[in-house]
Amino acid sequence: MPISTLKDEVQTTLVEFAWSEWAQMGVFASTDRRDAWAQDPEALLVFTLHVARREPRLFDEVLDWLRLNGRLLSGRRLASLCPHGDADRQLVEAAVDWARANGSSVQIADRHLTKTSEEQLFASVRVATPDQVFRSHGYLKPATEPSFNSREPDLRTPINLAFRLRQHFGLASSRAEIVRFLLTSGVPDANALAIADAAGYAKRNVNETLAALVAAGDVDRYIRGNQGRYSVDRARWADFLSVAADELPTYRDWPRLLLALRELDRWFDDRRLAELSDYMRGSEARAIMERLEPTLTAAGVLVTRNGAGADYWPTFEQNLERLLRKLSPTHAIS
Amino acid sequence: MSPRPALSASSASTERLEDGAERAALDALRDVRHPDSGCYTSHMTNSAFGASRADELLGALGEQLAAAGQQFDLVVIGGSALLALGLVKRTTRDVDVLAIAGPEGLIPADPLPSPLVDARDRVARDFGLLADWLNPGPTELLRFGLPDGFLSRVETRTYGPALTVRYAGRLDQIHFKLYAMVDQGAGRHEADLRALDPTADELVAAARWTRTHDPSDCFRQELVAVLAHLGVTDADLDA
């Protein structure tokens, strides 16, 4: 498949995915999907602000959602999932500042304004009157008024489990993230490192929170080898959440999957790729996939390397296909 | 409560795989030599290559160098040079770089310059080759001198604008192969030498050159024995 076709397919899929997720989370849009998984709101926000630079309407509706629902987001997780040095960090800070300027309490930890130059936020939109908040972060974007279209997320739907747990446990600690992982991951138990990794918090903090949850009887702990293992009584939690145990939301490693997709999306935007020989294009594809392989493998995506030289390209396509399949609602419930 | 420092790949999270089939496929790829490493192997073992693949590899090397804004002019001997000139039909595992040609003549190839190493490593990754598929192994030959008129006999090929390769000519390959046969034993060196079909005069000339590299009596005895094995029995090696 020519790279231009592959790029169109991938980037269209990413934007459609973002629309369908946010539509289930309160953004003004319609979707037939009702995904069975629990979404990671901070990871999805960072991902969406990146891919929606090709979809201004999505960008602005997500800004409006952030205005209304930003209080449900963790500023610490936002900073953790989009740290300084991440190419989208300024964009996330700009969106947070815009939402705050429009009444939201959303925050991002470790703020650090590093504006160096100005660039167009949307390649397809000419800016007559720039938005001053975005401009202060180096982005030329048309002045944006809130659409007031957004709704609060429906906490009864699986995709919004993170918000529901945050309503129970608050945003000040890692409790909600720990419980979300233990409830949805599908593994019988996990160690503190795996839980901290999924929760997006430091292991030390997660250890303290786990100890509190164990003391409260919300989480069970036992020792295997020299290691503490943690689990939850899914049936009890399902009862607490008023769902059948087999209807608890499922798990995706969204931070890793969406990070890898952002990297790939950025890679496809490199115009040089279209001018390269088949071999060099394959080499570049192999390089990005090699860089992402640890992340993708940890997220459960099989990455293969078959094919020498230019013959790697079909393997690259297959790797992408397996990655994009993780966005498909194969386990959706009606 | 502080967030974790940065998103990192952790083998711990592989326990969250949802798809049993993909899990099995991942397990099948796990490094069988170091199962606890959590690494996955490429299963690519393309370490030997023939003439056409050698051409492809050097073409790829040229492209990588051009992309990096680098330019090299290499002098190559050994199996890959014999293959490139159509003097033998076999496979080889590496490209032996004798020297790097520059405005001031030939300079030793060891160590290979880092831009060349970077490009070489990318090609190794892309084609599943051993990292040293291009190496400066024979560059020591420069120390005691090349056969007279060496550069006038090379065959020069270009692989794009960034890579020129000068392959040692047939007579010089006879010199190097005879030296290798005496120094390292027969095997493929003898096979290559016979494929070059040298005349007695060519072998004698080559033998005299090898003496400039190793004038020891021990080497002389081995050389005489090898020449006899090749059918040359009355050579004056000291002329």
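Note: hydrogens, waters and symmetry copies are ignored here, and every other heavy atom, side chains too, is used. Protein chains get the first letters and strands the later ones, always in sequence-line order, with residue 1 at the start of each.
Using a 4.5 Å cut-off between heavy atoms, A:A310 does not touch chain B at all. For a residue to count as touching a neighbouring chain, one of its non-hydrogen atoms must lie under 4.5 Å from one of that chain's; by this rule B:Q64 touches chain A with backbone and side chain alike.
Here the closest heavy-atom approach between residue B:F127 and residue A:G309 is recorded as CZ-CA, 3.5 Å.
The environment of A:R111 atom CZ is dense: over 12 non-hydrogen atoms of other residues, nucleotides or ligands sit within 6.0 angstrom.
Contact tally against chain B (heavy-atom pairs below 4.5 Å) for A:S283, A:S74, A:A287: the top residue is A:S283.
Residue B:E63 holds its CD atom at 10.5 Å from CZ of A:R281, rounded to the nearest 0.5 Å.
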